[in-house]
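What follows is a single structure, written as structure tokens, with notes after it.
Reminder, nothing fancy here: chain letters follow the sequence lines and each chain counts from 1.
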Amino acid sequence: MDSKVRVRFAPSPTGGLHLGGVRTVLFNYLFAKHHKGDFILRIEDTDQTRFVPGAEQYIQDTLAWCGLVPDESPLHGGPYAPYRQSERKAMYKEYADKLIVQGNAYYAFDTPEDLDTKRKEIPNFQYSRAHRMEMKNSLSLSKEVVDDLLKNNTPHVIRIKVPENEEVSLEDVIRGHVSFDTNMVDDKVLLKADGMPTYHLAVVVDDYLMKITHAFRGEEWLPSAPVHVLLWKYLFGLDQMPAWAHLPLILKPDGNGKLSKRDGERLGFPVFGMDWTDPNTNTTTIGFKERGFLPEAFVNLLAMLGWNDGTDQEIFSLDELIEKFSMDRVHKGGAKFDYEKAKWYNGEWIKKMDNEKLANLVRPYFDAAEIEIHENNYLVKVVGLVKERCQLLPDFITQASFYFQIPKQIDIASIAPKWDEKKRDFFVELAAIYTNAMAPGVVSAPAAELELEFKQLASKHDLKPGELMLPFRIMLVGGKFGPGVFEIVETIQLKDTIARIEHSLQLLS
RNA sequence: GGAGCGUUCGUCUAACGGUUAGGACCUCAGGUUUUCAUCCUGGUAAUACGGGUUCGAUUCCCGUACGCUCUACCA
């Protein structure tokens, strides 16, 4: 009775995978893994005009980055292969024919132009019981004419014949009972003139063939759900139909409407999981990965867009999500995407992450900025020192580059106004003390010691430490930021400290 | 236009019909940090509207408003 849970994500390979898509994957994945079931990736590439090379690979890469690896997919294979609908083309015809024989579908010979003019002619035109008899199809034409048309290979489609005066309904896991009046549903095309199925036929046939037990998808599919329910009823029986859940949409942060790639560009945040380069235009759209998000954070923040576990907890690992996820705690309403909160999640995950792991992730950013890292241990240490002030991975460049090189920019303007000979003397002597301190085997000193020494020297010069700290900080890091001054000295060591003091002294003269 | 779905602080959200309507992000004010960030304390801020049902509605029902999605031989 209770067969193994099997869910699928079925994108069409037309471009980058956007936030909403990744979240749909995530909810599918969490549900499947929570129930110890299978997560299947199926590529819906039945529209040959929209096929984009590389998009399928991109989808797999994005899922891999997120850690949401399918159990079955075009890449991994599986017992229900092939997982690309274009490669399953022959299967769909059989079911379309079955519907024809049953009388639940019919041939339609209208050309796209016919339909166009009809739509212009009649306001609110629907290819349905209201107008189907005015069209060119096997319902309105005589059998002889139809046979003839078919024999001559006249281009045609197969449409579902939606019944009259019926109520079609489904129990949505998130929304409860949803029902439709069949008089308002139109006769959707099932099989296109090129022999490919449309989504409507393909989704039903494949979900059946692949033994899908739960079908989750975006809310935008709800209006076409009655067609799918009808198809299930005609082809396989309602008792075979998977449970449905229509996920709420992710909305743009400002105003209303579904979040789009354009919104990200307009507002300056990523929308795709990873960088996507459109092979036609050769333009790249930035992804969360490249913007410096951790996959853990990305998954976490996506999960919280429309779901919560009923407690105040907001930080969840993937394993925790798997353990706690349930589809009936998913919200009905759409969620506006908040980039500020997204960054907060990432900051939390950066703070949580092991320094060594973090260093490995940060390293490429330093390489790209051409900041040389001689020793990995040193990087690990520095990452631990500054990570609480970073929200995105590239923040480590601005927050930590001074640990590796003399700051390129030094905010002399913040020192100069209150600079005088007394202070100069102080720093000259400080540098001298550090120089003397250096000896074979002695390259640095503990922060506490350095601080004490600094304060003693200040009082000797009759200066308050307070008016010396900021100049010192700026000499070392270039600006008003960073960890404690003496911790920095301890880390970058005496030699570099001296060099930076002397460098700034020059700039100030 | 039609159909379907939705509506709690600015945002994400909690509240098996009974809470001073809770938390988080943002923001503001303090404190810690002789910088910045972290961290801590506190503040501002919400049940779209109107009717019911009920001793009692954020919660259930109806209507209105508003919003969204769909309305392709796209998914």
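Distance check on atom P: B:rU64 versus B:rG1 gives 14 Å, rounded to whole Å. Spacing between B:rU27 and B:rU20 at atom P, rounded to whole Å, works out to 32 Å. The separation of B:rU13 from B:rC60, taken at their C1' atoms, amounts to 22 Å, rounded to a whole angstrom. B:rU38 and B:rU33 have their C1' atoms separated by 9 Å, given to the nearest Å.
Residues passing the salt bridge (Lys or Arg N to Asp or Glu O under 4.0 Å) test with A:Lys341, sequence neighbours excluded: A:Glu314. Partners of A:Glu490 under the salt bridge (Lys or Arg N to Asp or Glu O under 4.0 Å) rule, at least two apart in sequence or in another chain, do not exist in this structure. Judged as a salt bridge (Lys or Arg N to Asp or Glu O under 4.0 Å), and not counting sequence neighbours, A:Glu449 has no contacts. Under the rule for a side-chain hydrogen bond (donor to acceptor under 3.5 Å, both in side chains), A:Asp278 has no partner lying at least two apart in sequence or in another chain.
Between B:rA14 and A:Asn308, a contact under 4.0 Å exists linking OP1 or OP2 to a side-chain N or O. OP1 or OP2 of B:rA14 has at least one side-chain nitrogen or oxygen of A:His331 nearer than 4.0 Å.
Of the residues in residues 169-184 of chain A, those lying under 4.0 Å from RNA chain B by heavy-atom distance are A:Arg175, A:Val178, A:Ser179, A:Phe180, A:Met184.
Of the charged side-chain nitrogens involved, none lies within less than 4.0 Å of a carboxylate oxygen, so that A:Asp116 and A:Lys118 do not count as a salt-bridged pair.
Take the nearest nucleotide of RNA chain B for A:Glu340 and for A:Ala335: the residue whose nucleotide is more 5' is A:Ala335.
For residues 157-166 of chain A, the set of pairs meeting the salt bridge (charged side-chain N to carboxylate O under 4.0 Å, His left out) definition, not counting sequence neighbours, comprises A:Arg129-A:Glu164, A:Glu166-A:Lys233. The list of salt bridge (charged side-chain N to carboxylate O under 4.0 Å, His left out) pairs with a residue in residues 174-183 of chain A, not counting sequence neighbours, reads A:Arg175-A:Glu219.
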In the 5'-to-3' direction, what one-character label does each nucleotide of nucleotides 62-75 of chain B receive under the scheme B = base within less than 4.0 Å of a protein heavy atom, S = sugar-phosphate only, - = no such atom?
-----SSBS-SBBB
Would you give a per-nucleotide map of nucleotides 28-38 of chain B, 5' to 3', where B means the base has a protein non-hydrogen atom under 4.0 Å away, S means only the sugar-phosphate does, and - means neither?
------BBBBS
Listing, residues 463-470 of chain A side-chain donor-acceptor contacts under 3.5 Å, not counting sequence neighbours, or none:
from: A:Glu467; atom 1: OE2; to: A:Lys464; atom 2: N; distance (Å): 3.2

Anything under 3.5 Å between a donor and an acceptor, one on a side chain of residues 403-410 of chain A, the other on a protein residue two or more places apart or in another chain? List them.
from: A:Gln405; atom 1: OE1; to: A:Lys408; atom 2: NZ; distance (Å): 2.9

Which pairs of donor and acceptor atoms, one on a side chain in residues 244-252 of chain A, lie under 3.5 Å apart (sequence neighbours left out)?
from: A:His246; atom 1: ND1; to: A:Asp172; atom 2: OD2; distance (Å): 2.8
from: A:His246; atom 1: NE2; to: A:Arg217; atom 2: NH1; distance (Å): 3.0
from: A:Lys252; atom 1: NZ; to: A:Asp263; atom 2: OD1; distance (Å): 3.4

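Counting heavy atoms from C-beta outward, A:Tyr92 and A:Met196 have side chains that stay 4.5 Å or more apart.
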